[in-house]
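What follows is a single structure, written as structure tokens, with notes after it.
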2 protein chains.
Amino acid sequence: MTRAGQSRRKTGQAAAEGPHPTWRVTIREVAEAAGVSRSTASRALTGNGYVATLVRDRVREVARGLGYVPDATARHLRRQASQSIGVLVSDLSNPFYAGLAAGISQQARRRKYTMMLADDGGSPEVEAEAAEAFVALRVAGVIVTPVSAQISDYLARHRIPVVEVDRQFAAGDCDAVVVDNERAARKVTAHLLALGHRRIALVIDEMHWTTGRDRLAGYRAAFADAGVALDESLVVSAGWDVDTARIEAHKLLSRPQPPTAVFAANNVLAEAVWRAADELDLAIPERLSLVSFDDVSWMSLVRPGVTAVAQDAVALGEAAISQLFERIQSPNAPARTVLLSTRMVMRGSTAPPPPAGR
Amino acid sequence: MTRAGQSRRKTGQAAAEGPHPTWRVTIREVAEAAGVSRSTASRALTGNGYVATLVRDRVREVARGLGYVPDATARHLRRQASQSIGVLVSDLSNPFYAGLAAGISQQARRRKYTMMLADDGGSPEVEAEAAEAFVALRVAGVIVTPVSAQISDYLARHRIPVVEVDRQFAAGDCDAVVVDNERAARKVTAHLLALGHRRIALVIDEMHWTTGRDRLAGYRAAFADAGVALDESLVVSAGWDVDTARIEAHKLLSRPQPPTAVFAANNVLAEAVWRAADELDLAIPERLSLVSFDDVSWMSLVRPGVTAVAQDAVALGEAAISQLFERIQSPNAPARTVLLSTRMVMRGSTAPPPPAGR
DNA sequence: GCTCAGCCTGGGATCGATCCCACACCCGGG
DNA sequence: CCCGGGTGTGGGATCGATCCCAGGCTGAGC
């Protein structure tokens, strides 16, 4: 068997070599087969500049016959403009990020852009690495759920348009698409307070990024609104993955004075609390009320369903990409933050606290 | 404000222009700033060929100072070898595909490859489009969950290594990583038969691809093994998304002679059946037993948990990528199909049929 | 002193597509 | 008859990085 690509045809040689050429077809082969110059072939295929209709059709026919696919690499190098965008999320296995990526992917395709996707697993080092790869590839723009403040700045220094989604680090310097975390958190906390709960725990991952900070602020604000004192020991940092969070939640729920309600700051934490409650045989909502930020499909599968703040991940992704394209169009417009609305989905996981818990 | 990139520096001019250059730094600027030729700078940065240690360090220092990031586009064009792989899945919002992508992404990063991801939504046209984009980008290889037989052939014709995952269309001509669908399906069906079920429905999406065909075959084989006659009307094509499948499942479960057990051929269908059973107030497992192919997280959150065939999507992705790299290394080795094992996870969703249902 | 090998550097071609520019041709109007 | 505008084509430079090759230099061996 001949090793593929071993023997490259001499340039200038006739290009007719059977139905399946030994080597990748370039515009040169197309031009030769059609009996025109590379320039003419290029014009015929791209549609830029004058070409006789007859010639254009012939060239296109020949190109199709040879299975010619223009080399995007070469085109981008010459045009100095790439047709791909970079997308950087924290965890593809999390349905929220997966939905985000799905939305972006769909819209990118509609605009004839390809998507480079990286998953940083929440690590700033990996994030930086991925950003460098995007710079190296000269992507047209990047959509990122940032885990460090440096990333947007780094990309901006390299003149790559950036849109931050979900979280926002470079407010004012960089476009962003986020939801009103504070407002939504305030509303669900108020809901629990209105039901009569006083010992409401907040299970959260971090409290410095916009998501964590604002959800915490909303939770606090709801207490202030209701004139209820807040027990700071009920704000629990529970880590990033289900397993560690489950252990933390377990501890929280087995305290001498356990909370009567839990507000989980995202879907992973909600899953952890759900599992912990199950381990401890704490009936929801009779013994424990639960609300979640981020509505994912399992929350409507379990009984009772989990009351949650729904943010449409797909819509978030779509908004991010349209923001990105606007930015690409007008690089010097002032930075803009788009605020998407959330919806509170009432299900069965909340009820007044048990008498003993008051 | 000056429009970015408007005024390009004359080549040959001194490169020292403040901390943040107006334009993207190329190897030419680095070379000039370090007082060497482009060739030497290239050798210094890549480490190929002779460079004096002193010079090398100086060039690297300068490059770092200028924030030089080599243009991957140009490098690939010259080297005729790309550092990205293409990944094409059917639906990123489905946790199975998301997990697959996550596994691939992680391993790709370890090998310093970037990942182009496309989501074809199950459409052969979109799949073909994406494949063409991958060819245009001259990716080093492609991992695909195929929806048509043409795709692998098309990519192969363009000399791009391909690995089919989950489903397999081009058996023998193309590497693949799959699970033993028939065996697993046979086992879970046998489990239901052993419990005493006779009216066991198979809710499935399609029956021509390897996944559908083999799961169906396994289901059939289990009946044959048990010497039980199979009611063909219990094999139901329920479509691709939760909503249409839920409607089909609803119809199935409200038949005059409903099944006492359902084998759902994937996680989407299992969700649909679960929801339909809930709508009809059919207690699981008392009135209806349920098993699923594909174990996703909600199946251990609901009560009772869903008995399922677990296939590790992340591991599948990792196997696919290592297979792909072997293929890139030795393009002419014979095609290989890797069979990953599955695990049957017993939970509470199966029980003997109700007396009336026998 | 000369040669030769090994070290080190720079010039220029190259990858594939694009695009500017020069030029050729045709036709109508002055 | 000549000129100019519109149409159509090809040559060659270009994008940025790489890499082959020629050639300069040094030092050791004869």
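Numbered from 1 within each chain, the chains take letters A, B, ... in sequence-line order. Small disclaimer: the values here were computed from a predicted structure and weren't measured.
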*Produce a footprint string for nucleotides 18-26 of chain C: one letter per nucleotide, 5' end first; B if the base is under 4.0 Å from any protein heavy atom, S if only the sugar-phosphate is, - if neither.*
BB-------
*In sequence, state the C-alpha distance, the side-chain angles, and the governing distance for A/Asp153 and A/Arg157, and then conclude on salt bridge (Lys or Arg N to Asp or Glu O under 4.0 Å).*
CA-CA 6 Å; A/Asp153 185 50; A/Arg157 273 209 313 279; 3.1 Å; yes
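- With hydrogens and angles disregarded, no donor-acceptor distance shorter than 3.5 Å links the side chain of A/Arg167 to the backbone of A/Val144.
- Although no hydrogens or angles enter the test, the distance criterion places a donor-acceptor pair under 3.5 Å between the side chain of B/Ser322 and the main chain of B/Ala319.
- The OH atom of B/Tyr50 sits 17 Å away from the P atom of C/dG10 (whole-angstrom rounding).
- For the pair B/Glu32 CD and D/dG16 P, the computed distance is 12 Å after rounding to whole Å.
- In this structure a side-chain-to-backbone donor-acceptor pair under 3.5 Å is present from B/Glu127 to B/Val147.
- A/Ser105 places no side-chain N or O within donor-acceptor distance of the main-chain N or O of A/Ala101, the cut-off being under 3.5 Å.
- The two atoms that bring A/Gln323 and A/Val163 nearest to each other are CG-CG2, 3.9 Å, heavy atoms only.
- Whole-Å rounding puts the B/Gln80 CD to D/dC20 C1' distance at 16 Å.
- Rounded to 10 degrees, the angle between the two end axes of the helix from C/dG1-D/dC30 to C/dG30-D/dC1 is 70°, with five pairs used at each end.
- For the pair A/Arg56 CZ and D/dG10 P, the interatomic distance rounds to 16 Å; values are reported in whole Å.
- By the 4.0 Å N-to-carboxylate-O rule, B/Glu61 lies too far from B/Arg58 to be salt-bridged with it.
- Side-chain N or O atoms of B/Arg38 include none that pairs as donor or acceptor with a backbone N or O of B/Ala31 at under 3.5 Å.
- Note: CG (A/Leu77) to C1' (D/dT14) measures 9 Å, nearest angstrom.
- Ranked by how close their nearest DNA chain D nucleotide is to the 5' end, A/Gly49 and A/Arg138 are led by A/Gly49.
- Put simply, CG on A/Leu54 is 15 Å from C1' on D/dT9, counting in whole angstrom units.
- In this structure, CG of A/Asp71 is placed 18 Å from P of D/dC15, rounded to the nearest angstrom.
- For A/Glu164 (side chain) and A/Pro146 (main-chain N/O), no donor-acceptor pair under 3.5 Å exists by modelled atom type.
- The nearest whole Å value for the distance from the CZ atom in B/Arg28 to the P atom in C/dG10 is 14 Å.
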